[in-house]
Amino acid sequence: MPCYYPRSRGSYPLLVAAIIIVVASKLGDGLCRHDERDALLRLKKGFVFDNALSGLPSWQASSDCCTWQGVTCGDAGTPDAQVVVSLDLADLTISGNLSSDLFELTSLRFLSLANNDFLGIPLPSDGFERLSRLTYLNLSDCGFVGQVPSSIARLTNLETLHLAGAFTWDTVQNQATPFLELKEHTFDTLITNLSSLRRLYIDYVNISVSDVNNSSSRHSLRELKLSYCWVTGPIASSLVPKLRSLSKLILENCIFSHPMMNSFTGVEKLSSLLVFSLSNSGLMGTFPSSRVFSIKTLKVLDLSGNTMLHGELPEFRPGSALQSLLLSSTMFSGNLPESITNLHNLVTLDLSSCLFYGALPSFAQWTMIQEIDLSNNNFVGSLPSDGYGALHNLTRINLSNNSLSGEIPVKLFSHPCLLELDLTHNNFTGHLLLHPNASSRLQHLFLGENNLQGQIPELLSKLSGLTKLDLSSNNLTGTMDLSLLKNLTNLSILQLSRNRLSVLEKGDARSYVGYPNIVSLGLASCNLTKLPAFLMYLNEVERLDLSENSIAGPIPDWIWKAGANDFYYVNLSHNLFTSIQGNILAPAYLYLDLHSNMIEGSLPNPPLNISFMDCSSNHFTHWIPTKFLSRLTYAYFLSLSNNMLTGEVPPMICNASNLKVLDLSFNSLGGLIPPCLLQENKSIAVLNLRGNIFRGPLPQNISRGCALETVNLNNNKLEDKLPESLVNCKMLQVLDVGDNQIVDTFPGWLGDLPQLRVLVLRSNRFHGPITVLDGTNFFPMLQVFDISSNGFNGGIPAQYLKRLKAMINSSEVESQARTVGYQYAIDTYYENSVTVMVKGLDLTLIRSLPGYRVWCSWNHWTSHATISQGRSLRAWHPLLFLRYWTSLTIICLGRFRSLVSS
């Protein structure tokens with residue numbers, strides 16, 4: 001069965017230029033006019049070129065300008081001369097100035113300056129009106145700024161207009177700020193005056209639209225595309241009544257001053273509309289599905305990326321022309337109507353990352369379908385077992401991240417045109433069965449995070465076109481011989497991690513010559529006892545995960561040579577490695593995880609481009625070498641916890657200015673804490689020095705702009721007072737200074753920290769009453785409060801307890817305040833842990849805090865807490881531990897309304 005793969009179509013500008021060139025070539029071979037040749041040469045003088053090849057070398061005064069690069073001539077009405085009718089200077093990286101000599105070419109019908117570098121240069125305010133014969137004008141991607149000249153609106157023969165200006169890109173907001181403007185009167189005049197205009201494409205322009213609706217005015221514009229524009233005014237309600245002939249309305253990646261969908265009323269009256277796109281434009285409200293889908297001519301609807309746009313799919317009538325339905329990353333919801341199978345012309349269906357649920361429809365009716373993406377929803381039930389054979393154009397199915405179950409239909413693996421099948425993160429069960437006629441065209445097969453069982457079939461080797469294979473996190477059993485890879489010569493990604501497999505390799509290392517050049521290899525928890533030998537023959541690996549195995553002995557030096565040139569992720573954690581051979585060599589940005597092994601000796605010197613290094617839970621000894629710290633210039637994560645390191649932390653740690661997480665906990669490090677870790681820190685978010693023997697006072701002058709979110713100094717020998725400059729750490733969530741020798745009064749000034757959720761002061765020498773300065777908050781987000789084993793007295797005033805808002809059993813507060821952790825990479829968190837006293841026992845809480853508590857035990861309270869049925873405090877969470885020094889009793893108070901001190 002032949003497969004259909006779509007090809008790119010030629011662009012309209014090339015077609016127009018080709019027609020002009022063909023027509024002009026038939027009009028004679030006379031020389032161009034001298035005045036136009038001179039104007040072109042003067043125009044060139046104002047240009048600056050990046051290199052000689054783009055410098056228009058053919059533009060010489062001694063030659064006929066009709067033969068110059070980018071110039072096309074036509075008949076001037078006399079047999080001995082021609083005029084310039086087309087000037088195409090696109091994609092020549094021209095910068096400099098755009099002189100008025102351009103407007104001497106009054107016979108131009110085609111003009112393109114697209115994709116050049118006139119950055120920061122305004123368009124000439126006058127002159128365009130002289131090019132009255134222009135039918136095509138392209139000024140896109142040139143970097144022009146300022147106001148679009150109104151003279152362009154006088155080009156009454158213009159059929160196609162491209163405008164795009166300079167812009168800056170905000171990487172935080174992921175949006176553009178344009179510097180080219182179409183003011184209100186100019187934009188309206190363009191639409192009104194250019195009666196021949198059929199195609200208007202505007203990118204990166206600040207547009208103002210009049211709110212005057214002159215519905216009596218009609219325009220024959222066919223295609224309107226605004227991309228990355230800032231639009232002020234109700235563009236839809238203002239323009240739609242005038243543009244009843246539109247076949248394409250594309251308003252994508254824009255910022256609208258009127259983003260509500262009700263400002264787009266009337267679109268259903270565009271009876272010739274073929275393409276309607278509002279993608280990634282921040283639209284809100286409810287989409288008028290029934291009205292828009294009633295447009296009988298509509299072929300493409302793209303609403304993707306509008307994350308606040310709601311809607312449901314309507315019932316679809318037979319005969320719909322719809323070919324592409326793109327709703328990804330919106331809040332469309334509900335069941336898919338059974339009538340969706342009436343979309344017989346459907347080519348692309350993308351409903352990914354929405355809120356759809358229920359059963360999947362049958363695919364068999366979509367005989368034209370090429371791509372189906374229903375990922376990241378909550379579809380349930382099984383896959384249709386049949387009907388795939390009639391889908392001759394089907395190339396891609398993505399149903400990942402749903403709740404689908406049952407067995408995977410065998411026929412999917414033999415579909416002759418399918419290139420990608422992604423069923424990751426569902427509940428599929430049964431054995432992985434392949435058809436004897438497995439397709440050699442299948443390139444991407446993702447079946448990870450399901451409940452597949454049984455052995456990996458040998459027929460997998462028949463899928464010879466595979467480039468990416470993910471079977472990780474299933475219940476696959478038996479053995480997997482890596483010799484299977486010999487037939488998968490195009491394979492670049494292989495993920496088998498976290499099954500119940502035993503991965504073996506038969507033969508010696510020489511048998512692996514010629515194996516596929518793997519880029520990403522995941523064999524975590526695959527019962528490996530040695531490193532796979534074929535790794536010695538790889539040199540482009542970007543990701544290598546061999547964690548959670550039983551690989552013993554030294555880490556060989558050849559493993560670093562397998563890395564790619566730009567990035568290398570190596571995870572060898574949870575093995576039995578005992579040493580590291582040679583120096584760690586790596587390309588740019590090495591991510592190295594060696595934690596939970598048995599590696600002994602001194603810390604290894606990392607490469608200069610290390611970005612992540614976890615050496616925790618090993619047997620490293622001695623001190624932290626200065627050279628080790630000097631090589632952390634680009635590192636954002638360093639953990640050396642749970643080793644046997646001694647000595648002081650060298651001041652060189654201050655040069656690691658990009659660190660986000662620094663964990664040196666549970667060693668025998670001593671001396672003073674380097675002041676730079678607190679005083680001058682504007683990058684470290686997590687500082688964990690717990691379980692060492694640091695002594696002396698804490699650094700007192702913590703700077704503004706402090707980035708700290710977690711500070712854990714528990715179980716050291718710190719003295720003196722808490723630095724009040726900690727209030728500069730506005731993002732602080734966890735502060736644990738328990739089990740030290742700090743002498744201070746209650747730090748009520750910490751109550752102003754808006755994000756503080758964990759405060760542990762236990763087992764120090766804090767003393768006096770619990771008081772808070774007037775105007776200071778009292779820990780509104782606090783979840784864990786341990787002040788046990790200190791010398792506080794006088795009780796906790798009731799008015800303070802009432803301000804502990806996060807301890808109120810409110811679902812809103814709980815959803816915001818329950819999890820405490822630091823995200824230092826995509827889907828990767830550093831797990832905080834704190835130890836508190838409960839009933840005289842130490843309880844360690846890790847990341848997720850199970851409920852809300854107040855620990856006040858072992859203090860010198862002078863009075864017991866009492867319960868009042870007076871003013872409501874709204875259902876507090878279950879337990880409040882109050883152990884009094886005088887009576888050594890525990891009062892466990894359940895859900896109560898008000899807590900006051902007598």
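Because only heavy atoms are used, hydrogens play no part in the values below, and waters and symmetry mates are left out as well, while side chains stay in. Every value quoted in this text rests on a predicted model; they were computed, and no experiment measured them.
In this structure, Tyr201 has its ring center under 6.0 Å from that of His162.
Side chains of Leu445 and Leu466 form a contact here, defined as non-hydrogen atoms less than 4.5 Å apart. Annotation: side chain of Leu412 is in contact with side chain of Leu383 (closest heavy-atom distance under 4.5 Å). Side-chain contact check for Val541 versus Leu521: every heavy-atom pair is 4.5 Å or farther apart. Between Asn475 and Thr429, the closest side-chain pair of non-hydrogen atoms is not below 4.5 Å. Within the 4.5 Å cutoff, no side-chain heavy atoms of Phe413 are placed close to those of Leu433. The shortest distance between side-chain heavy atoms of Phe332 and Leu351 does not fall below 4.5 Å. Side chains of Leu313 and Leu336 form a contact here, defined as non-hydrogen atoms less than 4.5 Å apart. Two residues are said to be in side-chain contact when any heavy atoms from C-beta on lie closer than 4.5 Å; Glu252 and Lys225 meet this criterion.
To the nearest 0.5 Å, atom OG1 of residue Thr348 and atom CG of residue Asp302 are 10.5 Å apart. The structure places CD of Glu449 at 11.0 Å from CD of Gln495, a figure rounded to the nearest 0.5 Å. Considering CG of Leu523 and CG of Asn549, their distance stands at 7.5 Å, rounded to 0.5 Å. Between the CG atom of Leu447 and the OG atom of Ser400 there is a distance of 11.0 Å, given to the nearest 0.5 Å. The CZ atom of Phe276 sits 12.0 Å away from the OG1 atom of Thr297 when rounded to the nearest 0.5 Å. A distance of 7.0 Å separates CG in Leu391 from CD1 in Ile372, rounded to the nearest 0.5 Å.
Panel note: side chain Asn597, backbone Leu572; a donor-acceptor pair is recorded below 3.5 Å. At least one donor-acceptor pair under 3.5 Å links the side chain of Ser611 to the backbone N or O of Leu590. Between the side chain of Ser281 and the backbone N or O of Leu283, no donor-acceptor pair lies under 3.5 Å. Between the side chain of Asn342 and the backbone N or O of Ile340, no donor-acceptor pair lies under 3.5 Å. No donor-acceptor pair under 3.5 Å is formed between the side chain of Asn401 and the backbone N or O of Ser375. Between the side chain of Asn490 and the backbone N or O of Thr467 there is no donor-acceptor pair closer than 3.5 Å. Tyr388 contributes a side-chain N or O that, together with a main-chain N or O of Pro384, makes up a donor-acceptor pair within less than 3.5 Å. The backbone N or O of Ser547 lies less than 3.5 Å from no partner atom in the side chain of Asn571, so there is not a single donor-acceptor pair. Side chain of Glu315 to main chain of Pro337: no donor-acceptor pair is present (N/O by atom type, distance under 3.5 Å, no hydrogens or angles).
Scanning both residues, Pro554 and Gln581, for their nearest heavy atoms gives CG-NE2, 3.6 Å. Taking all atoms of both residues into account, the shortest heavy-atom contact from Leu608 to Tyr634 is O-CD1, 3.4 Å. The two residues Leu482 and Pro532 have their closest heavy-atom pair at CD1-CB, 4.2 Å. Nearest heavy atom pair, residue Cys354 against residue Ser329, reads SG-N, 4.2 Å.
Using a 30° and 60° split on the angle between ring planes, Phe612 and Phe637 fall in the parallel class, below 30°. Taking the six-membered ring for Trp and thresholds of 30 and 60 degrees, Phe293 and Phe287 have ring planes more than 60 degrees apart, a perpendicular arrangement.
Taking the charged nitrogens against the carboxylate oxygens, Asp422 and Arg396 have no contact shorter than 4.0 Å, which rules out a salt bridge. With respect to Lys468 and Glu420, no salt bridge is recorded, no charged nitrogen being found less than 4.0 Å from a carboxylate O.
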Subject >> Working for side chain to side chain contact (heavy atoms under 4.5 Å, CB included), residues Ile518 and Ser492 >> reply: CA-CA 4 Å; Ile518 301 292; Ser492 62; over 6 Å; no

**OP:** Determine, stepwise, if the pair Asn517 / Val519 fulfils side chain to side chain contact (heavy atoms under 4.5 Å, CB included).
**Re:** CA-CA 6 Å; Asn517 204 353; Val519 172; over 6 Å; no

**OP:** Apply side chain to side chain contact (heavy atoms under 4.5 Å, CB included) to Trp560 and Ile584, showing your working.
**Re:** CA-CA 7 Å; Trp560 315 118; Ile584 299 176; 3.8 Å; yes

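Side-chain polar atoms of Asn115 and Asp91 form a donor-acceptor pair below 3.5 angstrom. Side-chain polar atoms of Asn378 and Ser403 form a donor-acceptor pair below 3.5 angstrom.
Screening residues 358-386 for ring-ring contact (aromatic ring centres under 6.0 Å, His included), with sequence neighbours left out, gives Phe363-Trp366.
Tested against Leu501 for a side chain to side chain contact (heavy atoms under 4.5 Å, CB included), the candidates Asn527, Ile456, Thr479, Thr477 yield a single pass: Ile456.
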